[in-house]
Number of protein chains: 2
Amino acid sequence: MTGNKKRIRIRDIADHLDVSTATVSRALNPNTEHMIRKEVVAGIKDAARELGYIPSPIATALRTDRTYTVGVAVPDILNPVFPPIINGIQDHLHQNGYLTLIVNTNNDQRVALDEIRRLITRQVDGFILANAFLDDISVRECLLREIPMVLVNRSIKNGNLVHQVLSDDEFGIELAINHLAELGHVRLLHLAGPPNILHGKQRLKIFRQLCRKNKIQDEYMVMDAFSIDAGARGAQQFLQQQSKATAILAGNDLMAVGAMDTLRNAGVSVPEEISVVGFNDMPLSDMLRPALTTISIPHMEFGNQAARLLLQVIESPDISRQLVLLTPKLVIRESTAKCRSR
Amino acid sequence: MTGNKKRIRIRDIADHLDVSTATVSRALNPNTEHMIRKEVVAGIKDAARELGYIPSPIATALRTDRTYTVGVAVPDILNPVFPPIINGIQDHLHQNGYLTLIVNTNNDQRVALDEIRRLITRQVDGFILANAFLDDISVRECLLREIPMVLVNRSIKNGNLVHQVLSDDEFGIELAINHLAELGHVRLLHLAGPPNILHGKQRLKIFRQLCRKNKIQDEYMVMDAFSIDAGARGAQQFLQQQSKATAILAGNDLMAVGAMDTLRNAGVSVPEEISVVGFNDMPLSDMLRPALTTISIPHMEFGNQAARLLLQVIESPDISRQLVLLTPKLVIRESTAKCRSR
DNA sequence: CTGTTAGCGCTTTCAT
DNA sequence: ATGAAAGCGCTAACAG
C-alpha cells in the first residue's frame with residue numbers, strides 16, 4: 001500500500017542534511033568515519049536509518065572492485081560429507097559480511113573450470129575449493145590470476161603452493177589399522193579412491209606403509225570414484241578374488257556403504273565375517289545397519305577453518321602459505337568386530 | 001608471466017575499431033545485435049575475443065538493475081532431501097545464465113528473514129524458497145516488495161498468493177495406506193511433522209481422511225520437527241503408550257530413520273513386528289537396514305520445475321499464479337511386511 | 001544503422 | 001573537516 005518505490009541513495013541523505021555525498025559516504029563507512037565531525041556522523045546515521053537507506057553493494061563493487069562474495073566449489077553436493085562443510089564455511093563467512101556462492105562440479109574438471117571462470121567474471125573476492133584433483137586446472141587458473149584461494153579436504157600435488165585445510169590422514173589410518181589389529185585382523189583390504197585425488201593416493205600410500213610397519217598383510221584395489229557404486233564394485237571384486245582379507249578399510253564412507261551393501265547381498269555378514277571401516281563419519285553413517293565404524297573428521301570445523309583462512313588471505317594476499325591439519329578420531333560402531341579367521 | 005593486468009572494457013574494443021561504445025554494446029548483446037550491420041557485429045565479436053574481453057556483470061547490474069542471480073533458501077542443508085533439490089535448481093538456472101545463492105535457515109524464521117533481506121540488498125532477481133512455514137514472514141516480505149518468488153516443497157496457508165511446486169501428498173499417502181492395507185495392517189500410526197509446516201498439517205489431515213475412508217484405525221502424534229530426533233521421540237512415546245498400531249507412517253524419511261533406530265534399540269524388529277513407511281526417498285534411504293519403504297518424490301525435478309517457473313515469473317511478473325503438483329510414487333523396500341497382529 | 005550523452009550509486013582524489 | 005568532481009563499466013534515450 002505504501003507506494004514506497006524509490007530506492008534511497010546517498011544523494012538523498014546528503015540533500016536532506018545539506019551536506020555533500022562525500023561526507024555521507026565517509027560517515028557511513030567505518031574506515032573513514034573518523035574524518036567527519038562526530039555530531040555530523042550521528043546526524044547522518046540517524047537520517048540514514050530514518051529514510052531507510054540501504055547501500056548498494058553493486059555500486060560499491062563497481063567502484064572498489066570488492067564484492068564481498070566468495071566462491072565455493074564442491075565435487076558432489078549429494079555426498080553427505082559436503083553439506084556440513086558448506087555449513088561451516090557459510091557460518092563463518094556470513095558472520096563476516098560475505099556471501100557464499102556454491103557450485104557443484106560433478107567431479108568434472110572441465111565443469112569446475114567453467115564454473116570458476118564464471119565466478120571470476122562475477123568478481124568473487126576468493127575461492128574455497130573442495131574439489132581439487134592432484135593436478136587441477138582450476139587451481140592453476142586461480143594461482144595464475146592470483147586470486148585468493150584455499151583448498152579444503154582435498155589438495156594438489158604441489159601442496160606448498162596453496163593454503164590448505166586437510167585432515168591428518170596418516171593419523172586417521174593409523175587409528176583404523178590399530179583398531180583392526182587389536183581385533184585380531186592381520187590381513188586388510190584397502191578400497192582406495194582414484195589416484196588423481198589426494199585422499200586416493202595418500203591414504204593408499206599410508207595404508208601400505210603402516211601395514212608393513214605393523215606386519216599386516218596389505219591388499220588394495222584402486223577404484224575410480226569415491227562413490228557407493230565404486231565401493232560396491234570393489235566388494236564384488238573382493239568376493240570374486242576370494243581374497244583372504246578379513247577387514248576392509250574403505251576410502252570413504254560412501255565406498256564403505258556400497259561395499260557393505262554388496263557383501264550383504266552376497267550373504268556375507270558384516271561384521272561377523274568381514275569388518276568394515278569407513279572414512280569421514282558422514283551424516284547418517286550412524287544410522288546404517290550395521291552402524292558404520294569410521295574415521296571421523298570435523299566437517300564443520302573444516303568449513304570454519306577454510307573460511308577463516310580465506311578471509312585472512314583476502315586481507316593480506318602475501319601471507320605465507322598455511323596448512324591447517326585437523327585431527328580425525330576413530331568412532332567405533334557396529335561394522336567392526338573380532339576377527340574370526342576364515 | 002604475461003603481465004596481463006588490465007581488464008578489457010567495451011571502450012577498448014570501441015577504440016580499437018574506431019566505433020562508439022554504444023555500437024560495441026549493441027553488437028555484443030543478443031537483444032540489440034540486430035541493430036548493427038552484420039559485418040560490424042562480426043568485427044566487434046572478433047575483436048572482443050581477440051582482446052579477451054569479459055563483460056562486467058557488476059556494471060551491467062548497476063545500469064540495468066538485473067543481476068541474474070537468484071536466492072535459494074533451504075531450512076536444513078543437512079537433510080538429504082535438499083541437496084538434490086538444490087542440484088535441480090542450479091542445473092536449470094545455470095543453463096540460463098543465472099547464478100544461485102544458497103542460504104541455510106536452520107528452520108528459523110528470523111534467520112530466514114535476515115538472509116532474505118541480505119539477498120534483497122544484493123539485488124537478487126528472485127527467490128526460490130524451500131523453507132516456508134504456513135505463516136511465513138519471509139514470504140510475506142517478498143510478496144510485499146513484489147519480488148519474484150516460487151515456493152518449492154513447502155508452502156503457505158494461503159497458497160493461491162504464490163507460485164508453488166509441490167508433491168501431491170494426497171496421492172502419496174494414499175499409496176502408502178493402500179500398501180499397508182494390502183499387507184493386512186488395520187491400525188496405523190502417523191508421526192506427523194510440525195503443524196506450522198504444510199506437510200505437517202496436510203499429511204496428517206489426509207492421513208486421517210483416508211484412514212476413515214478405508215476403515216483403518218488411525219493414531220497420530222504431532223512432533224515438533226522433521227528430524228531423526230523427532231522420529232526417535234515419537235517411537236519412544238509409541239512404545240510407552242503400548243499402542244496397538246502395527247505400522248508407522250512417518251512424516252518424512254528422517255523421522256522414519258529415527259523411529260526405526262529407536263524401535264531397534266528397544267528390540268522391536270522392523271518390519272517383522274512393525275512396518276515403517278517414510279516420505280521423500282532421500283538419498284541413502286535404500287542403504288539403510290532395513291532399506292526404507294517410502295513415498296518417493298522427484299527431487300531434481302522439484303528443483304528444475306521451481307527454477308523454470310521462477311525464470312518465467314521474472315520475465316513476466318504478472319503471470320497468473322501457478323501450482324505445479326508432482327506425482328510421488330511408492331518405493332517398496334524392506335521396512336514393510338505382512339501384518340502379524342500382535 | 002550509428003554516435004553522443006547522460007547517468008546507475010558509490011568512493012576517492014584533489015582542493016579548500 | 002568538508003565539498004566538487006571524476007569515474008568504475010555499462011546501457012539506453014535521443015538525435016541524426
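Numbered from 1 within each chain, the chains take letters A, B, ... in sequence-line order.
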Whole angstroms only, please: what is the [atom1]-[atom2] distance between [X] and [N]?
X       : N      : atom1 : atom2 : value
A:Leu62 : D:dG7  : CG    : P     : 14 Å
B:Asn31 : D:dA13 : CG    : P     : 14 Å
B:Arg9  : D:dG7  : CZ    : C1'   : 11 Å
B:Asp65 : C:dC10 : CG    : P     : 12 Å

| C:dG3 phosphate, OP1 or OP2, under 4.0 Å from B:Ser20 side-chain N/O |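 Affirmative; the distance criterion is met.
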
| Think B:Ser25 has a side-chain N or O under 4.0 angstrom from the OP1 or OP2 of D:dC10? | no

Report the nucleotide, chosen from [options], that has the shortest atom-to-atom distance to any side-chain atom of [X].
X       : options               : value
A:Ala22 : C:dT12, C:dG3, D:dC10 : C:dT12
B:Arg37 : C:dC10, C:dC1, D:dT2  : C:dC1
A:Tyr53 : D:dG9, D:dT2, C:dC10  : C:dC10
B:Thr60 : D:dC10, C:dG3, D:dT2  : D:dC10

| Under 4.0 Å between a Lys/Arg side-chain N and an Asp/Glu carboxylate O for A:Asp135 and A:Lys157? | no

| For B:Ala59 and B:Ile36, take the nucleotide of DNA chain C holding the closest heavy atom to each; which residue's nucleotide lies nearer the 5' end? |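 Looking at DNA chain C, the more 5' nearest nucleotide goes with B:Ile36.
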
| note | Of A:Ile54 and A:Arg26, the one whose nearest nucleotide on DNA chain C sits closer to the 5' end is A:Ile54

| message | Please compare A:Lys38 and A:Thr21 by the position of their nearest nucleotide in DNA chain D and report the one closer to 5'. | response |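 Going by which nucleotide is closer to the 5' end, it is A:Lys38.
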
| request: Tell whether B:Arg11 reaches the base of D:dG7 with its side chain through a donor-acceptor pair below 3.5 angstrom. | output: no

| said: Just checking B:Arg110: does its CZ atom have more than 12 heavy atoms from other residues, nucleotides or ligands closer to it than 6.0 angstrom? | reply: no

| query | Are any non-hydrogen side-chain atoms of A:Leu134 and A:Ile197 less than 4.5 angstrom apart? | reply |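 A:Leu134 vs A:Ile197: side chains apart.
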
| query | Would you say B:Asn158's side chain and B:Leu161's backbone share a donor-acceptor pair under 3.5 angstrom? | reply |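 Such a contact is absent between B:Asn158 side chain and B:Leu161 backbone.
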
| query | Any sub-3.5 Å donor-acceptor pair from A:Asp76's side-chain atoms to A:Leu78's backbone N or O? | reply | yes

